[in-house]
Amino acid sequence: MTDTAPDIALARALLHEAMELQAAGNLGAAEERYRLVIDADYRTAEVLPILAGILGLRGANEEALELWDTLLAIDPDHAVAHHEKGLIYSRTGRPDLAITAMQAACAADPANPVAANNLAVMLSDAGRKIEALDQFRRAQALQPGNIHIEHQIRRLSAEMVPFWHIPMLNDVRRNDAFEAAIIAALAETGPDARLLDIGTGSGLLSMMAARAGAQSVTACEMVPIIADMARQIIADNGYADRITVHTAPSTELRVGEHLEERADILVSEILSSDLLTEHVIDTFEDAHARLLKPDAIVIPRAASAIGCLVESQVLADYVFVDQVSGFDISRFGALASPKLPIHGTMTDWKRLSDDVELVHIDLTRTQHQSDLHLLQINVLEDGIATGIVQWMHVDLADGISFDNHPDGYTDGGWLQVLHNFPEPVAVHAGDVLNVAVGHDRVTLIVRPLEVIAAAEQVKVA
């Protein structure tokens with residue numbers, strides 16, 4: 001079509017018809033006329049997004065993408081084109097392309113809260129939670145008071161911060177024990193000692209050290225949202241001039257870069273309910289090798305897993321299965337988790353033995369090997385053993401310790417752990433249960449071997 005008055009008039013008429021047909025809901029006829037308008041090269045940049053939108057509505061995603069790309073060739077910073085491409089990529093299962101397109105939309109129109117929110121959702125769905133949280137916060141700043149955005153920020157933050165942080169912070173016994181050990185260490189070394197806090201969380205232990213007189217505290221926290229919060233809390237309490245928080249795992253810290261010199265004191269509360277899951281051994285070994293002076297004081301200096309043999313129908317129903325609705329489902333028990341977190345004072349279980357030490361870890365040692373040894377447990381009561389309920393005893397300093405023994409611990413972040421057996425084990429008072437116990441440096445190993453009956457013990461003797 002040549003650029004003459006009749007041609008323009010025809011294109012204008014086609015555009016008018018297309019808009020009326022679209023308003024009437026006749027998208028097929030409207031689409032046909034919009035195509036003719038584009039063929040006439042009339043107001044192309046305005047018609048392309050309308051036609052692409054119609055194509056998207058009827059599921060012609062690839063053709064719609066071509067039109068959006070045509071528009072971007074005309075206007076590379078067209079925010080709507082980038083946005084719509086992102087939405088198409090997202091709903092057709094191409095998350096990386098969706099994120100790239102939505103990032104371009106946000107760059108083209110940084111004041112658009114919808115684009116920021118959509119980008120945040122895409123990042124969250126892709127597992128890029130830290131970036132997602134940043135975008136949700138940007139969307140919140142653009143649209144204050146939006147309850148949906150506020151909910152997403154809270155939900156995502158909670159996903160990145162384990163639930164046990166709050167009860168752990170409210171654990172007075174734990175806090176008092178750690179503070180007493182920190183005070184004792186600084187009394188021995190003096191306030192000029194350099195203190196390293198690995199896995200600082202809220203910054204509590206670092207602030208305890210500063211309050212006790214420490215002049216130089218270096219802390220690290222690998223979860224960015226927690227590290228940011230720690231810095232704010234430390235500043236709120238007036239210790240920002242003495243405590244430096246690095247957003248990094250301790251394995252990325254370097255003397256001369258993050259620490260002026262090796263530390264005189266290490267404090268780290270990264271113990272998990274089952275003792276080692278948070279890579280305690282790897283972390284402490286690395287600290288000894290690179291970050292601590294040879295004579296550094298280590299808090300805690302040792303930790304033990306303690307346990308007892310138990311019977312519990314409540315717990316058995318979580319870890320064993322047998323007959324179900326007349327079917328033998330027992331084989332499915334092979335897929336059960338080998339451990340189950342429990343709350344000792346709130347779970348119905350019967351003790352079948354005295355307390356025994358399962359594993360002991362000396363955290364002042366510079367190296368550790370995996371361990372497996374035979375433990376003989378004297379049975380005190382008849383019962384069907386579900387497994388061993390385990391808790392921790394933490395040695396912090398001379399005369400200062402802490403434990404979460406199930407008989408008297410109700411208010412902290414640590415739970416007890418049931419190390420359930422592969423199947424229930426029948427035992428009787430006077431029996432000895434042989435159990436293989438140890439660790440692979442990250443998890444505890446608890447495996448029943450054989451029951452030695454009291455009569456057999458007499459024969460052996």
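Between the side chains of His373 and Asp371, at least one donor-acceptor pair of N or O atoms lies under 3.5 Å. Under 3.5 Å, the side chains of Arg231 and Thr247 contain a donor-acceptor pair of N or O atoms. Remark: the Asp362 side chain and the His368 side chain contain no N/O donor-acceptor pair separated by less than 3.5 Å. Checked by atom type, the side-chain pair Glu357/Ser304 shows a donor-acceptor distance below 3.5 Å. Side-chain contact of Gln232 with Asp236: a donor-acceptor pair under 3.5 Å is absent, judged by distance alone. Between the side chains of Arg194 and Ser216, at least one donor N or O lies within less than 3.5 Å of an accepting N or O. Side chain to side chain, Asp286 and Thr251 fail the donor-acceptor criterion of an N or O pair below 3.5 Å. There is a side-chain donor-acceptor pair under 3.5 Å between Gln152 and Arg155. Judged purely by distance below 3.5 Å, without hydrogens or angles, the side chains of Gln215 and Asp192 never pair a donor atom with an acceptor atom.
The closest side-chain heavy-atom distance from Leu374 to Asn434 is below 4.5 Å. Using a 4.5 Å cut-off on side-chain heavy atoms (C-beta onward), Val389 and Ile342 make contact. Contact of the Phe421 side chain with the Leu433 side chain is registered, since non-hydrogen atoms from C-beta on lie closer than 4.5 Å. Taking the side chain as every heavy atom from C-beta outward, Thr218 and Val245 never approach each other to under 4.5 Å. Leu133 has its side chain within reach of Ser157: a pair of non-hydrogen atoms, C-beta onward, lies under 4.5 Å apart. At a threshold of 4.5 Å between non-hydrogen side-chain atoms, the residues Ile265 and Thr189 count as touching. Residues Val217 and Thr244 fail the side-chain proximity criterion, which asks for heavy atoms closer than 4.5 Å. Taking the side chain as every heavy atom from C-beta outward, Val394 and Glu269 never approach each other to under 4.5 Å.
No donor-acceptor distance shorter than 3.5 angstrom exists from the side chain of Ser401 to the backbone of Asp395, with no hydrogens or angles considered.
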Please step through side-chain contact (heavy atoms from CB on, under 4.5 Å) for the pair Met392 and Ile306, ending with a clear verdict.
CA-CA 6 Å; Met392 286 191 300; Ile306 313 295; over 6 Å; no
Walk me through it: do Leu276 and Val442 pass the test side-chain contact (heavy atoms from CB on, under 4.5 Å)?
CA-CA 5 Å; Leu276 300 177; Val442 178; 5.6 Å; no
Evaluate side-chain contact (heavy atoms from CB on, under 4.5 Å) for Ile388 paired with Leu418, printing each intermediate quantity in order.
CA-CA 6 Å; Ile388 292 177; Leu418 171 72; 6.0 Å; no
Using the rule given for salt bridge (Lys or Arg N to Asp or Glu O under 4.0 Å), can you reason through Glu261 versus Lys293, listing the C-alpha separation, both sets of side-chain angles and the distance that settles it, and then say yes or no?
CA-CA 9 Å; Glu261 59 184 76; Lys293 293 179 180 177; 3.1 Å; yes
How far apart are the C-alpha atoms of Arg351 and Asp407, what are their side-chain angles, what is the distance that settles it, and do they pass the side-chain contact (heavy atoms from CB on, under 4.5 Å) test?
CA-CA 11 Å; Arg351 178 188 294 272; Asp407 291 348; 3.4 Å; yes
Let's go through Glu150 and Arg154 carefully: what are the C-alpha distance in whole Å and the side-chain angles of both, what is the deciding distance for salt bridge (Lys or Arg N to Asp or Glu O under 4.0 Å) to 0.1 Å, and is it a yes or a no?
CA-CA 6 Å; Glu150 291 174 356; Arg154 185 171 183 182; over 6 Å; no
Are Asp398 and Arg301 close enough, and set up right, to give a salt bridge (Lys or Arg N to Asp or Glu O under 4.0 Å), and what steps lead you there?
CA-CA 10 Å; Asp398 287 340; Arg301 61 187 187 181; 2.8 Å; yes
List the steps and the verdict of side-chain hydrogen bond (donor to acceptor under 3.5 Å, both in side chains) for Asp355 and His405.
CA-CA 10 Å; Asp355 299 349; His405 194 293; 2.9 Å; yes
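Ring geometry, His258 versus His246: the interplanar angle exceeds 60°, so the pair is classed perpendicular (tilted spans 30 to 60°).
The minimum heavy-atom distance linking Pro300 with Phe284 is given by the pair O-CE2, 4.0 Å. Between Asn112 and Val114, the shortest heavy-atom contact is OD1-N, 2.9 Å. The two atoms that bring Met122 and Ala98 nearest to each other are SD-O, 3.7 Å, heavy atoms only. For the residue pair Thr283 and Ser250, the shortest heavy atom distance occurs at CG2-OG, 3.5 Å.
Using a 4.0 Å cut-off between charged side-chain N and carboxylate O, Glu62 and Arg94 make a salt bridge. No salt bridge links Arg365 with Glu285; every basic N to acidic carboxylate O contact stays at or beyond 4.0 Å. Using a 4.0 Å cut-off between charged side-chain N and carboxylate O, Glu257 and Arg254 make no salt bridge.
Taking CE of Met207 as the reference point, atom CG of Asp197 lies at 10.0 Å (rounded to 0.5 Å). Note that CZ of Arg242 is 11.5 Å distant from CZ of Arg211, once rounded to the nearest 0.5 Å. Here the CD atom belonging to Glu84 is positioned 5.0 Å from the CH2 atom belonging to Trp68, to the nearest 0.5 angstrom. Distance check: Phe402 CZ to Leu271 CG gives 10.0 Å after rounding to the nearest 0.5 Å. Note that the CG atom of Leu253 and the CZ atom of Arg290 stand 7.0 Å from one another [nearest 0.5 Å]. One finds the NE2 atom of His83 at 4.0 Å from the CG atom of Asn118 (value rounded to the nearest 0.5 Å).
Enclosure of atom CD in Glu63 by more than 12 non-hydrogen atoms of other residues, nucleotides or ligands within 6.0 angstrom is indicated.
Cation-pi geometry between Arg174 and Phe178 is met: the NZ or CZ atom falls under 6.0 Å from the ring centre, inside 45° of the normal.
Tested against Val451, the residues Val379, Val425, Ile377 include a single side chain to side chain contact (heavy atoms under 4.5 Å, CB included) partner, Val425.
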